[in-house]
Amino acid sequence: KTKQGNIMNFFKKK
Amino acid sequence: MFEARLNNATTLKKILDAIKDLLNEGTFDCSDSGIQLQAMDNSHVSLVSLTLRSDGFDKFRCDRNLSMGMNLGSMAKILKCANNDDTVTIKAQDNADTVTFMFESQNQEKVSDYEMKLMNLDQEHLGIPETDYSCVVRMPAMEFARICRDLAQFSESVVICCTKEGVKFSASGDVGSANVKLAQTFNVDKEEEAIVIEMQEPVVLTFACRYLNAFTKATPLSNQVQLSMSADVPLVVEYRIAELGHIRYYLAPKIED
């Protein structure tokens with residue numbers, strides 16, 4: 001089973 | 001004063017088609033270097049980054065940096081009113097709350113302008129780090145679109161496996177399973193038909209078909225698409241826009257639960 005990652009977990013807020 | 005002109009409305013129509021399914025609205029950041037847009041889709045799974053260089057426009061003037069928040073559905077309605085071979089000019093005054101799209105026919109006999117209200121969007125900008133990707137694949141954009149469309153029939157997700165030998169797209173579900181393998185091409189006549197793989201480390205990653213299919217809406221912009229992948233980081237799907245810039249889509253991978 002896989003779950004969808006969130007893009008904000010990879011790129012930091014500017 | 002901001003003014004940007006393209007001699008052909010087709011490019012702008014195609015750009016909007018490439019983003020409007022993923023984004024309801026977006027902020028176009030304008031400076032003397034060009035126009036940029038960065039926005040996440042509503043569910044924060046993917047990120048769209050659009051760069052249009054000022055030197056790619058037929059006329060470009062931007063006296064002061066300005067950010068124009070636009071409803072992309074409204075923008076699409078307006079661009080529908082342009083003929084493909086119309087010249088399109090986007091204009092805004094400094095600190096204005098509206099933007100004007102002007103369309104001029106080839107023979108100058110028809111001139112239309114559409115004014116659209118701007119929106120104040122409180123969008124978060126993310127910093128995208130420079131990354132050396134383990135695998136970079138360049139392939140015909142039509143081929144990528146075809147594979148994404150075909151495999152989406154079998155599963156919600158597609159596994160992309162890239163090695164030195166080639167790249168494999170796989171999907172499995174209730175119906176059964178599907179695998180599409182592409183080998184690197186040698187000696188192709190046309191550059192746009194080439195499949196090129198630059199690999200440092202092999203990678204296996206899983207992505208949602210829904211988003212990949214949304215990205216392929218950019219296919220009319222470019223003959224080739226570039227996929228950049230590393231383990232456990234977002235995939236980058238890049239379409240170059242000839243002489244004007246590029247559109248990059250970042251997609252968070254699916255991870256083991």
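Proteins come first, then strands; the chains are lettered A, B, ... in the order of their sequence lines, and each starts at number 1. All figures in this text were calculated on a predicted structure; none of them were measured in a lab.
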Query raised in the report: Between the side chain of B:Ser54 and the main-chain N/O of B:Ser33, is any donor-acceptor distance below 3.5 Å?
Result: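 Answer holds: yes.
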Report task. Give a yes or no answer on whether the side chain of B:Asp21 reaches the backbone of B:Ala214 with a donor-acceptor pair at less than 3.5 Å. Result ->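 No, the answer is negative, given that no donor and acceptor are paired below the 3.5 Å cut-off.
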Requested in this report: Name all residues meeting the side chain to side chain contact (heavy atoms under 4.5 Å, CB included) criterion together with B:Ser134; count only those two or more places apart in sequence or in a different chain, and write none if there are none.
Outcome: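 Partners of B:Ser134 by the side chain to side chain contact (heavy atoms under 4.5 Å, CB included) criterion, ordered by chain and then number, come out as B:Glu201, B:Val203, B:Ser230.
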Requested in this report: Would you check if B:Lys164 and B:Pro202 make a side-chain contact, meaning some heavy-atom pair closer than 4.5 Å?
Outcome: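 The answer is no, as the side chains (C-beta and beyond) never meet within the 4.5 Å cut-off.
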Query raised in the report: Residues of residues 246-254 of chain B under 4.5 Å from chain A (heavy atom pairs)?
Result: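 Counting heavy atoms that sit under 4.5 Å from chain A, the residues of residues 246-254 of chain B involved are B:Tyr250, B:Leu251, B:Ala252, B:Pro253, B:Lys254.
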Query - Interface moiety of A:Lys13 toward chain B, non-hydrogen atoms closer than 4.5 Å - result: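 For A:Lys13, backbone and side chain are both near chain B.
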Query raised in the report: Salt-bridged, B:Asp150 to B:Arg146, with N to O below 4.0 Å?
Result: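 Yes.
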Query raised in the report: Is chain A contacted by the side chain of B:Asp232, its backbone, both, or neither, given a heavy-atom distance below 4.5 Å?
Result: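 Contact with chain A: backbone only.
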**Report entry** Contact origin within B:Glu124 toward chain A - heavy atom pairs under 4.5 Å
**Finding:**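 Only the side chain of B:Glu124 comes within 4.5 Å of chain A.
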Query raised in the report: Under 3.5 Å, is there a donor-acceptor pair between the B:Tyr211 and B:Thr216 side chains?
Result: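 Judged by distance alone, the side chains do not pair up.
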Requested in this report: Would you give the length of the straight line joining atom CD1 of B:Ile255 to atom CG of B:Leu205, rounded to the nearest 0.5 angstrom?
Outcome: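 Separation between the atoms: 11.5 Å.
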